[in-house]
Structure formats: C-alpha cells, structure tokens
There are 2 protein chains.
Amino acid sequence: MPMATSTYHHGDLPSALRAATVELITERGPTGFSLREVARRAGVSHAAPAHHFGTSKGLLTSVAAEGFRTLVEAFDAAVEGRHDPIDRLNAMGKAYVNTALNHPGHFGVMCTDELIDQSDAAFVEASTGAYQRLLDGITAIRDAHNPNLDVDAAATMTWSAVHGYAVLHSALPGVAEKNERVLATMEETMNSFTQMMMDGYRAR
Amino acid sequence: MPMATSTYHHGDLPSALRAATVELITERGPTGFSLREVARRAGVSHAAPAHHFGTSKGLLTSVAAEGFRTLVEAFDAAVEGRHDPIDRLNAMGKAYVNTALNHPGHFGVMCTDELIDQSDAAFVEASTGAYQRLLDGITAIRDAHNPNLDVDAAATMTWSAVHGYAVLHSALPGVAEKNERVLATMEETMNSFTQMMMDGYRAR
DNA sequence: ATTTTCTGCTTGACAGTGTCAAGACATGAC
DNA sequence: GTCATGTCTTGACACTGTCAAGCAGAAAAT
C-alpha cells in the first residue's frame, strides 16, 4: 500500500500509468506497449486505465503531451543565457535530439499520427508551444541575418532535419557502415547541421 | 481456386502476402497490421505466412526491402536526363518524399528498427543501394561547388531533412495551423529545401 | 448518524492476436 | 509404385483491447 499522496485510492493513478507507459516503451519500444502490462506495473486491474484514459490511444496521447512539455522545458533551458540567434537555434537542435534520445518512451509516440489523438486539447497546447519556440528562433535569425528568409520553410526544414536525425539515429549507423562510412557524433553532426543551414553546401 | 501462376500450390504466396501487407498497412496504418488478416486477404490459413517468413517481423522486413528497391528505382528515374548536380539532388529529394507518400504501406515500416530485422541480407542490400545514390549525389555537388563539403555530414542532414519531412507531413499541418501558419506544397517546400541547403539561412 | 450518490476500480467475458506443434496433402524423386 | 520434401491447414496456447456489470469506499445529502 503506497501512502496515498493526494487525491484518492491510489494517490495519482493517471501519473503512475503514464510513468509505467514510459518505462515500458523505453524497455520494449512502442510496439511492445500493452495496456494490460502497464496496469500490471502500476499494480491495478487490467481495466483501470480505461477509466481515466478511455482507450489506449488516450493514454498514449497523454504521454505524448507530457513529452512535448518536457521538450519545451529543454528548449527554454538550452537557450538560457545565450543571445546569438544562431547559437540559440543550434542549442535548441541539440536539445531536441538529446530529449528524443533520453526520453525514447515519450519520443516514440510524440510524432505518430495513428497512436495518438492529435486533436486532444492538452496535446495541441504542448506541441504548439514547442513549434512556437522554433518559429521564434528562426524569426530572430531572419531579423539578424537575412530579411528575405522564408521563416515557415526554414522552420519546416529545421524541424524535419532534426526530427529525421533523431528518428534515423538508430538506423543510420548500420546503413552508413555498409557503405563503409564513419559517422560523426551527435554533437559534431548537429554543429555541421547548423553550419550548413547557415552557409549551405556552396563555398562562401 | 486461382489459376496457379507459376511455382506451387498458391502460385507465389510470398509475393501475395507482401502485397496484402502493403494493402493492409495503407488502409489501416502500421498499427493496424495483423498477420492473420494478411493471411485472410491472401486466401490462406492463418499460419501460412510463418512458413515463408518465420515471424511477422520477417514479413515486414521483406516488405521494407521491397520498399527500398522501389525507392532506388525512383531515384534512378528522377535523375534520368538531368546533369546539374543540384538539380539531380533536388529531384531525388522529391522522389523520396513522393515515394514515401505514394507507398505508405512500404514507407511505414522501412525506417523502423523494431518492426523489422535490419540485419536481413536483402534489406541491407536494398537500403545500402539507396544510401549510395545519396552519397553519389552529394559527392557530385562537392566536386562541382565546394571541395571542402563534408559529404557524410551533408548526407546525414539531407536524408534527415527529407525523411523528417515525409514523416512529419501528416503532423506538421496541424501544428502549423494552431500557430496560424500556412505551409507550402510539397513541391515548393522541397525547392525551398534545396535552395536553403545550397545557400543557407544567411543572405549571400 | 444514516442513507444515498458517485467515483475509482475490479471482475468476467468477448473476439481477436502471434506463435508453436502436429497433421494433411500435393508434388517431385526414385 | 514408395518415399521424401516442401506447402499449407488445423488446433491449441497465452496474450491482447474493450465492454458491461458489479463492488467498495469517499463524499454528499438528509
């Protein structure tokens, strides 16, 4: 019997279920997720989650929203004390990849459109906040370096590149290795990304 | 009884199962995939797939390899007749996204590391071929425009950006809309990507 | 203080799933 | 013909998500 912390029987079952979900996905991947196993780990019956989250989609959506909130925190912490726009965007990119790699349980469901309900209010608020940080960062670069920069296109490419890198992070080494290529570390790669996004492929 | 086309009882059950898998994933997404439903659609018993592919992972791996082979074909068709390196890479990028969007059944499993067996020989061969095309394309740009270009870093960023864009394609509009942003079409976006990858965010 | 209502959770059932073992059965070799 | 081989079926197992019903304890009403 855990000491009931605040609310009711269990204390805070929704949070416990989210935590168990994250733990489970971290261990076994999004595929290995099972509502009943989550209930088991939280010490409740197999139908308890349904009472709080409806279907399993509801639980995963809640986890995804939590993930976006931690991402926003990581963004804010990363730019803390930095003033150069390029430096800030670089830090945000690293924060994104680090968050993705350090929170695979969250990240694995954050950007899927069939595991979660993208129209969920809490999810929309959290994900919108993250996107807004990115737009702000790129707008600052536009103002400082290039008034003609298409902020939306740049935001799409930046998010895509960083997200794609995080997604492919486990797949790329294998493929590169077969082509007898050695890939740089995440830090170095992200620095290269930043430089290329500023200067492009062409020699300046 | 279908007229046995070539080989044995069914004709070519492995191909039929791959086709049914692609159809099913296209309809219901990777999550909606079910080995038994695939068997049903192919008109065989629920355990028939296991005989050819072992577990469901084996079947999905085979589908992923098929996807990479069509991707390679799309790459080769896209650069056909083009000679400017930048133009060729741009065409490959569009081919990648088009292939991803037009073959969701394949794409949904191609870059996952838990649904498939990345060490499968046929899969390695197909995915390696695709990566080699990308490396060749970027090497050509290095030779033509910037001898100091880090080909590996550029390849990683390019693949990441294009892959991320394809993955996020269904999620981005929703997020952008909440931020009251209007996103461009795929063609326009890819052209912007190409230009930014060449010239960067800074004004030249 | 007793009753009622309601919320949080449990129990039991249902159809569906992947995988395994055993068997059927057409085909090819001999 | 007999035999073996590779292809597929049948049946079983433990497991899954979801639903309906019921239970128990907290809160509210009386």
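Chain naming here is simple, since letters A, B, ... match the order of the sequence lines and numbering starts at 1 in each.
Following rounding to the nearest Å, B:Asp12 (CG) and D:dG6 (P) show an atom-to-atom distance of 18 Å. In this structure, B:Phe33 atom CZ and C:dT17 atom C1' are separated by 11 Å, rounded to whole Å. The distance between atom CD of A:Glu37 and atom C1' of D:dA14, rounded to the nearest whole Å, is 14 Å. Atom CZ of A:Arg28 and atom P of D:dT16 are 8 Å apart (whole Å).
Among the nucleotides C:dT17, D:dG17, D:dC8, the one closest to any side-chain atom of B:Ser34 is C:dT17. Here the side chain of B:His46 is nearest to one of C:dC9, D:dA12, D:dG17, namely D:dA12.
A donor and an acceptor atom, one from each side chain of A:Asn179 and B:Gln132, are located under 3.5 Å apart. Using a 3.5 Å distance cut-off with no hydrogens or angles, the side chains of B:Thr21 and B:Arg18 do not pair a donor with an acceptor. Side-chain contact annotation: A:Gln195 with A:Asn191, donor-acceptor N/O pair under 3.5 Å absent.
An OP1 or OP2 oxygen of C:dG16 is reached within less than 4.0 angstrom by no side-chain nitrogen or oxygen of B:Arg40.
Base contact: B:Ala48 has a heavy atom under 4.0 Å from a base atom. Contacts of B:Ala50 with the nucleic acid, taken as non-hydrogen atoms under 4.0 Å apart, are absent.
In this structure, the separation between OG1 on B:Thr158 and OH on A:Tyr201 is 2.0 Å, given to the nearest 0.5 Å.
For C:dG16, its base never sits under 3.5 Å from the side chain of B:Arg36 at any donor and acceptor pair.
Heavy-atom distances under 4.0 Å link DNA chain D to A:Thr55, A:Ser56 of residues 51-64 of chain A, given in residue order.
Two rings, from A:Phe107 and A:His169, have their centers 6.0 Å or more apart. B:Trp159 has its ring centre no less than 6.0 Å from the ring centre of A:Tyr165.
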